Amino acid sequence: MNTPTPRRLLILSGAASHGSRTHAVAEAVSRHVVATGGRPVLRDLSEHELPLLHTAPQASDALADLRHQAAEADALVWVTPCYHGSYSGLLKNALDHLREPDLRGKPVGLVAVGTSLTAVQACDHLRSVARALGCVAVPTHAVITGMAASADTGSEQDTAARLSRMISEIHVLAESTWRLRHDPALLASSGAGS
């Protein structure tokens, strides 16, 4: 059985403004994905208005596209600003609309952008959300503070190395989880199908 290569990663940028530090970090993540041979699909949630959950009588085109992109992705990366010790409402609304069967077993990388390292709380909260959606959060997450928002300048080598490590972990997990999701014999032998 062949694994799809290059892997397709859906990157959700959860800041409310397009020109934000969060969006700049999401673009840097996208460049890191390309550098590792992946195919990034960067979705800026500020550009694709989604209805609040259970408020729209019919699904919007933006919502249908988001669900399609999530279902087609081999893995995801959630990039969020840290607001009041947690992730953004914009990202929360998008995640609320996603369906667990489309995400089950897929790796997810977590990136928080904040003014201090306390932004790690946003990653902690998103780790719980990933688990609830059936995703597998990779061990390495990234917290971007201050000038590190560029995430790929020479002075920010630690941040770039952390992002690269996170994406490498995503690729490793994506290969394994893809095989489990697409090979019924492997799923049965693992005991997950019972």
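Keep in mind it's a predicted model, so treat the numbers as computed, not measured.
- Judged as a side-chain hydrogen bond (donor to acceptor under 3.5 Å, both in side chains), and not counting sequence neighbours, the contacts of R127 are H141.
- Qualifying side-chain hydrogen bond (donor to acceptor under 3.5 Å, both in side chains) partners for D124, counting only residues two or more places apart in sequence or in other chains: none.
- Every residue two or more places apart in sequence or in another chain was checked for a side-chain hydrogen bond (donor to acceptor under 3.5 Å, both in side chains) with S168, and none qualifies.
- Follow the hydrophobic side-chain contacts under 4.5 Å out from Y83 and you never reach L12; the two are in separate clusters.
- Here the straight-line distance linking atom NE2 of H97 with atom CG of L52 works out to 7.0 Å at 0.5 Å rounding.
- At least one side-chain heavy atom of E169 sits under 4.5 Å from a side-chain heavy atom of P139.
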Quiz item: Taking it one step at a time, do L126 and L95 satisfy side chain to side chain contact (heavy atoms under 4.5 Å, CB included)?
Solution: CA-CA 10 Å; L126 284 171; L95 296 176; 3.9 Å; yes
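- Without hydrogens or angle criteria, E100 side chain to A132 main chain gives no donor-acceptor distance under 3.5 Å.
- Between V111 and I144, some side-chain heavy-atom pair lies under the 4.5 Å cut-off.
- Across every non-hydrogen atom of H125 and G85, the tightest pair is CE1-O, 3.2 Å.
- Here the OG1 atom belonging to T140 is positioned 10.5 Å from the CG atom belonging to L110, to the nearest 0.5 angstrom.
- Taking CG of L45 as the reference point, atom OG1 of T22 lies at 11.0 Å (rounded to 0.5 Å).
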Quiz prompt | Residues L66, L50; criterion side chain to side chain contact (heavy atoms under 4.5 Å, CB included); working and verdict | solution = CA-CA 9 Å; L66 173 65; L50 299 173; 3.6 Å; yes
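- Side-chain contact between V41 and L9: absent, with no pair of heavy atoms (C-beta onward) separated by less than 4.5 Å.
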Quiz prompt | Criterion side chain to side chain contact (heavy atoms under 4.5 Å, CB included) on W78 and I11, from CA distance to verdict | solution = CA-CA 6 Å; W78 301 338; I11 302 165; over 6 Å; no
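- Looking only at side-chain heavy atoms (C-beta outward), R131 and V136 stay at 4.5 Å or farther from each other.
- Between S46 atom OG and H23 atom NE2 the span is 7.5 Å, to the nearest 0.5 Å.
- In terms of heavy-atom proximity, G14 sits nearest to L90 at O-CB, 3.8 Å.
- Closest approach of L163 to A142, counting heavy atoms only: CD2-CB, 3.7 Å.
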Self-check item: Pair M166-H32, side chain to side chain contact (heavy atoms under 4.5 Å, CB included): steps then yes or no
Solution: CA-CA 10 Å; M166 179 189 73; H32 281 273; over 6 Å; no
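- P101 is linked by a side-chain contact (heavy atoms from CB on, under 4.5 Å) to R99, R104, counting only residues two or more places apart in sequence or in another chain.
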Identify all side-chain donor-acceptor contacts of residues 113-121 below 3.5 Å with residues at least two apart in sequence or on another chain.
residue	atom	partner	partner atom	Å
S116	OG	T118	N	3.3
S116	OG	T118	OG1	2.7

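- The structure places CG of L133 at 11.0 Å from OG of S128, a figure rounded to the nearest 0.5 Å.
- Panel note: side chain H171, backbone G37; no donor-acceptor pair is recorded below 3.5 Å.
- When all heavy atoms of L98 and A70 are compared, the closest pair comes out as CD2-CB, 3.8 Å.
- In plain terms, the two heavy atoms of K106 and A73 that are nearest each other are NZ-O, 2.7 Å.
- One hydrophobic cluster holds both V29 and L42 under the rule that ILVMFWY side chains link at heavy-atom gaps under 4.5 Å.
- Within the 3.5 Å criterion, the main-chain N or O of L173 finds no donor-acceptor partner in the side chain of S176.
- Residues satisfying the side-chain hydrogen bond (donor to acceptor under 3.5 Å, both in side chains) criterion with N93, sequence neighbours excluded, are absent altogether.
- Using a distance-only test at 3.5 Å, with no hydrogens or angles considered, a donor-acceptor pair links the side chain of T80 to the main chain of S88.
- Under 4.0 Å is where a charged nitrogen must lie from a carboxylate oxygen, and between D158 and R162 no such pair does.
- Considering NE2 of H48 and CG of D61, their distance stands at 12.0 Å, rounded to 0.5 Å.
- The two residues P107 and D74 come nearest to each other via the heavy atoms CD-O, 3.4 Å.
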